[in-house]
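First comes the structure, then the notes that go with it.
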Amino acid sequence: MKWFNSESSLKWLWITVVFLILDQVTKQWVAHSFSLYESVKITSFFNFTYVHNLGAAFSFLADQGGWQRWFFTAIAAIASVIFTVWLARTPKEQPMLAIALAFMLSGALGNLIDRVLFGYVIDFLDFHWQGNHWPAFNVADSVIFIGAALMIIDSFKRDSQAKESSNNS
């Protein structure tokens, strides 16, 4: 298939597949190994804590009675399509952008699967400091963050290269 040759940025989809599998395996491990709200201390600042997130980041809209399930499902589905098309159109000369998109696609799909199957997202990574807990998250959330960070870094890198190029002209 033409899209998967070395000229296409879709060659980075293996990243999406690897992290999607890691996300789903870890979520199922937690769901089958822990009771809901059970927490196991791993370090002085990190626990595995099994929770269901009915909302979005930081449990945004979690208490809205159910409509948010389909709202966030639609957003994740649309984002997945956008990331896939963007990845397909990304020039091979922009590997960092392609990798960022592959990470974000993986996270969007991981949380989309949860919402479709369960109506919530399984979260379990619980960081805390001096009694203050960051909202629990999962592998999918982590790779979305990593992808967004890579995209920002890539943007600054390309801006810097464009300025250098225009200064040398």
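Throughout, residue positions are numbered sequentially from 1 according to the sequence presented.
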Only counting residues at least two apart or in another chain, list the ones meeting ring pair (Phe, Tyr, Trp, His ring centres under 6.0 Å) with Tyr120. His52, Phe118

ILVMFWY clustering at 4.5 Å (side-chain atoms), partners of Val25: Val17, Ile21

Could you tell me which residues satisfy side-chain contact (heavy atoms from CB on, under 4.5 Å) with [X], sequence neighbours excluded, listed by chain and number?
{"X": "Ile78", "result": "Ile82"}
{"X": "Ile152", "result": "Phe156"}
{"X": "Val18", "result": "Trp14"}
{"X": "Phe46", "result": "Ile42, Thr43, Phe48, Leu125, Phe127"}

Restricting to side-chain hydrogen bond (donor to acceptor under 3.5 Å, both in side chains), what partner residues turn up for [X], sequence neighbours left out?
{"X": "Thr49", "answer": "Ser39, Asp126"}
{"X": "Trp86", "answer": "none"}
{"X": "Ser33", "answer": "Trp29"}

Co-membership, hydrophobic cluster, residues [X] and [Y], 4.5 Å side-chain:
{"X": "Leu150", "Y": "Val139", "result": "yes"}
{"X": "Met151", "Y": "Val85", "result": "no"}
{"X": "Val51", "Y": "Phe45", "result": "yes"}

Which heavy atom of Phe137 sits nearest to which heavy atom of Ser142, and what is that distance?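 Taking every non-hydrogen atom into account, CE1-OG, 3.3 Å.
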
Can you give the donor-acceptor pairs under 3.5 Å from side chains of residues 100-113 to other protein atoms, not counting sequence neighbours?
unit_1, atom_1, unit_2, atom_2, d
Ser106, OG, Thr16, O, 3.2
Ser106, OG, Leu20, N, 3.0
Asn111, OD1, Lys27, NZ, 3.0
Asn111, OD1, Asn138, ND2, 3.3
Asn111, ND2, Asp141, OD1, 2.8

Report the distance from atom [atom1] of [X] to atom [atom2] of [Y], rounding to the nearest 0.5 Å.
{"X": "Leu97", "Y": "Arg89", "atom1": "CG", "atom2": "CZ", "answer": "13.5 Å"}
{"X": "Leu87", "Y": "Lys11", "atom1": "CG", "atom2": "NZ", "answer": "11.0 Å"}
{"X": "Leu22", "Y": "Gln24", "atom1": "CG", "atom2": "CD", "answer": "10.0 Å"}

Pairing residues for Asp154 by the salt bridge (Lys or Arg N to Asp or Glu O under 4.0 Å) criterion, not counting sequence neighbours: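 By the salt bridge (Lys or Arg N to Asp or Glu O under 4.0 Å) rule, Asp154 matches Arg158.
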
